[in-house]
Amino acid sequence: MNAEEYKVLVDELIELLDEGVYIVDREGVGIHYNKAMAGTEKVHVRDVLGKKFHEAFPDFEQGESTIYRALIRDQATKNAQQTYKNLYGKEITTQNTTIPVVVEGRTVAAVEVSKNITDLRRVSDSLLEIQEGKMEHVPIKGPEIMKYTFSDIFGENERFLEVLKRARKAAINDASVFIYGETGTGKELIAQSIHNDGSRAGKPFLAQNCAAIPESLLEGILFGTSKGAFTGAVDRAGLFEQANGGTILLDEISAMPYDLQSKLLRVLQESYIRRVGGSRDIPIDVRIIATVNETPAELISKGLLRKDLYYRLNVINISIPPLRERADDIELLSEKFLDKYNRRYNKQLWMLSDAAARKLKAYDYPGNVRELENVIEQAVSMADDEHVLTERHLFMPESGGASPENVIPYDRNLPLDKYLSSVEKQIIADEMVRARGNISKAAEALSLKRQTLQHKLKKYDIR
């Protein structure tokens, strides 16, 4: 294979990649530049191929460019963030990995793989600016963010009441709190209640989901940035500075990169932060509440959570039981949600039928209290002008509708044909709720002709 054929092969290969790829030769001239990279940097392929990188991207000072560092200094860069203007003046933020290609001790090329994080960076900057109160176009007054307290938490289950008792005690001191609970169990509800019932109640409460932000942005969001930290960086306070005197909730802390966890540990130990790219130590007084949705032991064994960070945060440990382990609270919670969504949707469903209560209690709720709330909201929003929420209103996505726990128990005093009709009615009603009233979809799921289903709907008076 000659050099020209080899070049064609490389071009074809890099076009298959979703990531942007930019390759320059020893002189810095672009020799490969795929469409994904052109899409990332909002330029045409012809603007880059055959041109030196500083001509294709004139906004860079050469010393700041990762390509320059690879070619001239033989310096590899991993997951570096760069904000710059392209050839047409459009500002772009990318996350780059750039390596020198060394043959027999001589750098002959540089390869850059890039991902566009412009929108993510814009969103993260906007959030920080909003919290700093610096965005003039954001109205000062608006809908209030819900501030939860312990009066918003309901339950009579003995184990759950012990959890609330422990959380109330946590509210009266400043120790770090580590909360474990499956998805939907109410971790943030309890975290906010701890803050709002404590001495820091008048101070900021800021929450950050560590799984929602890329590694390259999360450190800057938490600790802030200093001008010059990376290309395009500005002086900006992070969440720790903004929450000074208050509380930070670090949701899904196990999703935080391992190296960043060590920096957080240092912040906890020393009570100061240093902005990304900065040299000044900034003292902070922030209470940290951390949450996870897997057991800490599992996360530590998987290498997702640093053991030393866990021990430092786990001063007060709170473990929230899943809803399936507090089934005696399901009816109480359902009635609270029924009242809430009656007001929201202007309905008058005053009570649950006995069959509806049985059906709600029979389900295991992988999404926990949040899923139960969604089930009740869906039922209320789809109900007609009626006063009793029955089992036919309830749709549990994982229940399968006709699974044994949802079938009406056999009553020996009822003739078999009437019992079978009652079971058929329930199955059809469940499927109509699941299909959101779409007869064609329900008929397909039940393997019935549409006309047959229409007849049965009329027969059983199912609307």
Side-chain angles (χ1 to χ4, degrees), residues 1-122 124-125 214-217 220 225 227-234 276-277:
M1 182 180 294
N2 61 35
E4 185 60 31
E5 290 172 334
Y6 182 76
K7 182 179 182 305
V8 171
L9 174 63
V10 173
D11 279 334
E12 291 294 329
L13 285 173
I14 67 173
E15 285 299 336
L16 296 174
L17 301 175
D18 292 330
E19 291 81 7
V21 179
Y22 180 28
I23 304 175
V24 299
D25 65 14
R26 181 68 186 90
E27 305 303 320
V29 175
I31 54 175
H32 296 282
Y33 189 77
N34 66 354
K35 290 178 182 177
M37 193 70 154
T40 291
E41 298 184 311
K42 310 300 181 189
V43 297
H44 299 292
V45 172
R46 64 175 180 270
D47 294 329
V48 178
L49 284 182
K51 295 184 178 179
K52 291 191 174 183
F53 66 88
H54 61 271
E55 295 172 350
F57 302 97
D59 189 53
F60 278 115
E61 292 185 15
Q62 285 196 12
E64 295 179 345
S65 167
T66 52
I67 290 282
Y68 176 87
R69 294 176 199 164
L71 281 179
I72 306 304
R73 303 175 186 169
D74 295 335
Q75 179 182 339
T77 308
K78 182 181 179 182
N79 293 330
Q81 186 182 144
Q82 293 190 137
T83 299
Y84 55 94
K85 290 181 180 178
N86 67 11
L87 197 60
Y88 304 104
K90 183 176 180 60
E91 187 171 272
I92 308 293
T93 300
T94 58
Q95 181 178 318
N96 303 332
T97 293
T98 312
I99 60 169
V101 178
V102 181
V103 177
E104 296 180 352
R106 179 171 173 266
T107 299
V108 297
V111 178
E112 182 162 274
V113 178
S114 181
K115 180 165 63 175
N116 189 348
I117 58 171
T118 303
D119 292 339
L120 284 170
R121 175 65 191 276
R122 187 179 296 121
S124 67
D125 284 352
E215 176 181 352
S216 60
L217 295 178
T225 58
K227 189 174 182 180
F230 51 84
T231 307
V234 297
V276 177

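Note that the numbering runs from 1 along the sequence shown for the chain.
Nearest heavy-atom pair, Tyr33 versus Val45, reported as atom, atom and distance to 0.1 Å: O-CG1, 3.8 Å. Considering every non-hydrogen atom in both Ile99 and Ala70, the closest pair reads C-CB, 4.0 Å. Smallest separation of non-hydrogen atoms from Val21 and Asn34: N-OD1, 2.9 Å.
With sequence neighbours left out, Tyr22 forms a side chain to side chain donor-acceptor pair (under 3.5 Å) with no residue at all. Under the rule for a side chain to side chain contact (heavy atoms under 4.5 Å, CB included), the partners of Glu27 that lie at least two apart in sequence or sit in another chain are Asp25, Val29. Qualifying side chain to side chain donor-acceptor pair (under 3.5 Å) partners for Thr77, counting only residues two or more places apart in sequence or in other chains: none. Residues meeting the side chain to side chain donor-acceptor pair (under 3.5 Å) test with Asp74, sequence neighbours left out: Thr107.
If you take CZ on Arg46 and NZ on Lys51, they are separated by 9.0 Å, rounding to the nearest 0.5 Å.
Tested against Thr66, the residues Thr97, Leu71, Asn96 include a single side chain to side chain contact (heavy atoms under 4.5 Å, CB included) partner, Asn96.
Counting heavy atoms from C-beta on, the side chains of Thr98 and Arg69 never come closer than 4.5 Å.
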